[in-house]
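Values below: all heavy atoms of this structure, side chains included; hydrogens, waters and symmetry mates excluded. All residue numbers refer to positions in the sequence shown, counting from 1. In listed order, ligands and their atoms are each counted from 1.
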Amino acid sequence: MSKKPVRVAVTGAAGQIGYALLFRIASGEMLGKDQPVILQLLEIPDEKAQNALKGVIMELEDCAFPLLAGIEAHSDPMTAFKDTDYALLVGARPRGPGMERADLLAANAQIFTAQGKALNAVASRNVRVLVVGNPANTNAYIAMKSAPDLPAKNFTAMLRLDHNRAASQIAAKIGCAVGDIEKLAVWGNHSPTMYADYRFATVNGKSVKDTINDHDWNANTFLPTVGKRGAAIIAARGLSSAASAANAAIDHMRDWALGTNGKWVTMGIPSNGEYGIPKEVMFGYPVTCEGGEYKIVEGLPIDAFSQECINKTLAELEGEKDGVKHLL
Ligand code: NAD
Ligand code: LMR
């Protein structure tokens, strides 16, 4: 017997990440090859954006995906999020010319307050939310705070792109297959301050740290390369990462929904005080997932260098949180 379709809302659906994401969700790469989906797509009311969305929908139809049980176009989060089981919040306000960081935070605070309220009002009571739109951690925090009737733990931010970037750099350094790397962690904010931590990582059971054995490479090559990868892609492509971001969003949601089989992955999630991070800070942590729930990998020793890195990314997140507190 075929499964009942689940509802997947995607915002910014006519944008570049949307274009790299929707076809993969509809083909079953996110929730499984036996799980029908109904796509509830949100774009801004602007005529150009709505027209672009119509074009994307025509293409989705033309793929004739057997798992695609319905497609809806929306311009209002109150209808787009109705009964949704999964929400991927991709659309956000990009930084415009002359826009200060505070203006960017404020513009996005408005979007994510409204979307959090709409999720609170109309989404499934167990909706799982992934925020991709930047600043992702703070936007996820705002949405969570705007949805007091939903479980706070169901609001997450995307750190998976940083995790995948870190794995790929390590694989290149060691000369191993990226899929053989386990127990990698990324702590903190999706920003250049993130701390990609390979102290516990293994390749086929062998310690990555011992194999690399080069603190200078870690501090002065690896961390800046992973941290500044987004900017490097913008400089090279003239546009921000899209296919790799969509891929990370698929990885994040698939692992959350279907489980990781004991493998560590990184998710930005609201802290409950783990590792000394103040409660509610939306922080990247190593987690495992099972039965549709994530669980933080606890009890890892934090050395002085790691603590310094964690303090730096936490300070940035707390600064962002302070910058929006008057808007909540
Ligand atoms: P894009 O500009 O191509 O598309 C964004 C789309 O969102 C646009 O079509 C726009 O009309 C729409 N949009 C804007 N505000 C909206 C709203 N309130 N409701 C619904 N739709 C809205 O951008 P993109 O390349 O797809 O990137 C989207 C976001 O993802 C950006 O904020 C980008 O910085 C971020 N990003 C995050 C990561 C990550 O790892 N967390 C990685 C890459 C990009
Ligand atoms: C990325 O990490 O690729 C993006 O977050 C960069 C950006 O600013 O959109």
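Close approach to Ser241 involves these atoms of ligand 2, each under 4.0 Å from a residue heavy atom: 1 (C), 3 (O). Near Gly230, the atoms of ligand 2 lying under 4.0 angstrom from a non-hydrogen atom of the residue are 1 (C), 2 (O), 3 (O).
In this structure, Thr211 contributes its side chain and Ser207 its backbone to a donor-acceptor pair below 3.5 Å. Judged by distance alone, the side chain of Gln50 and the main-chain N or O of Ile44 form a donor-acceptor pair under 3.5 Å. No side-chain donor-acceptor contact under 3.5 Å links Gln115 to the backbone of Gln110.
Residues with a heavy atom under 4.0 Å from ligand 1: Gly12, Ala14, Gly15, Gln16, Ile17, Leu42, Glu43, Ile44, Val90, Gly91, Ala92, Ile111, Gln115, Val132, Gly133, Asn134, Ala136, Met158, Leu161, His190, Ser240, Ser241, Ala245.
Looking only at atom types and distance, the side chain of Ser306 has a donor-acceptor partner in the side chain of Arg199 under 3.5 Å away. Side-chain contact check for Ser191 and Glu316: at least one donor-acceptor pair (N or O, by modelled atom type) lies under 3.5 Å.
Considering all non-hydrogen atoms of both residues, Thr260 and Thr288 come closest at OG1-CA, 3.7 Å.
Comparing Met158, His190, Met194 against atom 5 (O) of ligand 2, the shortest heavy-atom distance belongs to His190.
In summary, of the residues considered (Leu105, Thr113, Asn139), a side chain to side chain contact (heavy atoms under 4.5 Å, CB included) with Val324 occurs for Leu105 alone.
The part of Arg165 lying near ligand 2 is the side chain, judged by heavy-atom distances below 4.0 Å. With a 4.0 Å cut-off on non-hydrogen atoms, Asn134 touches ligand 2 through its side chain and not its backbone.
The aromatic rings of Tyr275 and Tyr285 sit tilted relative to each other, their planes meeting at an angle between 30° and 60°.
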